[in-house]
Amino acid sequence: MKKTLSLLAASFALAFSASATAQTKWDLPTAYPSSNFHVENLNQFAKDVDTLSNGKLKIVVHNNASLYKAPEIKRAVQGNQAQIGEILLTNFANEDPIYALDGLPFLATGYDASFKLYQAQKAYLEKKLASQGMTLLYSVAWPAQGIFANRDLKTVDDLKGLKWRAYSPVTAKIAELVGAQPVTVQAAELSQAMATGVIDSYMSSASTGYDTKTYEYIKKWYDNQAWLPKNAVIVNKRAFDALDPATQEALKKAGAQAEERGWKLSQEKGEWYKQELTKNGMAIVKPTAELQEGLSKVGQVMIDEWVKRAGDDGKAIIDSYRKM
Ligand code: PCA
């Protein structure tokens, strides 16, 4: 009897230690380099998940598009080749208008407005991702978008003929509307595109200007504050459902912390990136009223088109955003 009991105890202990050490490993591709604040935030998030899950869930961050290129990450998560990944929402603007929303010029321009837009957008974004077998873990805005160019830009007419790097359908559309030539280049290939003269201008944040050493090629950044696009960290639903409830909670908690930290980091490092650009010889230019007016007209054309395309949901989102 005694022997049976101790055997039982031993097998319990074995079973317990096996489940306590059972470890799940997830790959997390992101398209941005280690100097980027989104990636710094992701690295902290992965550490937090490790701690909060007592080592049960290990997230391996693959930065700089080393595992998948930016436009491939969403599909990789959908197909569970990567269980979790970071995407730039507006990269998928052609797929559904909900992905285009925070890439529209002059709809929401500061952090407060962008956070409100996110709240208005969130339920629809979650629904869309759920229909594709994924869940939204968190989302963080990039710093404000402005134009990198060597030219003296007084009005939108001065953008004509520029070789304009686009990172999304929306930034390509801007080029089209102002008479520039859009060339789609993702962040990981941007330095090379500037070095080889494939592009001579683009619209993005000081953050990407810093990551790609844009100051070596382009000497001005116009602080247009045109919009704040967002990255989102998305999870494959089947992979999530396969986790035990405590680990699911750990992941959600680390995600919520990353979202809060990320919005702050975006703002703080947004300022720091501008200082770095200045230190490296780039002029931060306050745009003329004419340039801003011209760009906001372009923005209005795009917002109107978006509302038409997004139908009733789109109208509901914009209405609720404007009331916030
Ligand atoms: N940087 C990314 C997207 C938005 C941003 O600020 C890029 O230029 O690719």
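Only a predicted model underlies this, so the values are computations on that prediction, with no experimental measurement involved. For ligands, and for the atoms within them, numbers begin at 1 and follow the listed sequence.
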Counting from 1, what ligand 1 atoms have a heavy atom of R165 closer than 4.0 Å? 7 (C), 8 (O), 9 (O)
With heavy-atom distances below 4.0 Å as the criterion, list the atoms of ligand 1 near A187. 9 (O)
Just by modelled atom types, is the [Y] backbone N or O under 3.5 Å from a matching donor or acceptor in the [X] side chain?
| X | Y | value |
| --- | --- | --- |
| Q83 | N80 | yes |
| T214 | Y210 | no |
| Q121 | I98 | yes |
| N94 | S168 | no |
| Y111 | S266 | yes |

At under 4.0 Å between heavy atoms, is it the side chain or the backbone of H38 that contacts ligand 1, or both, or neither? neither
Within the structure, is a non-hydrogen atom of [X] found at a distance of less than 4.0 Å from ligand 1?
| X | answer |
| --- | --- |
| E189 | no |
| Q186 | no |
| P229 | yes |

I'd like to know whether the aromatic ring centres of F115 and W263 sit less than 6.0 Å apart in this structure. yes
Check for me whether the distance between the ring centres of Y167 and Y202 falls short of 6.0 Å. no
Check whether any N or O atom of Y32, backbone or side chain, sits under 3.5 Å from an N or O atom of ligand 1, and answer yes or no. no
Using a 3.5 Å cut-off on N or O atoms only, is Y167 in polar contact with ligand 1? no
Nearest neighbour in protein (non-hydrogen) for [atom]:
| atom | result |
| --- | --- |
| atom 1 (N) of ligand 1 | T208 OG1, 2.6 Å |
| atom 6 (O) of ligand 1 | S205 OG, 2.6 Å |
| atom 5 (C) of ligand 1 | S204 OG, 3.1 Å |

Whether H38 and W142 hold their rings parallel, tilted or perpendicular, with breakpoints at 30° and 60°: perpendicular
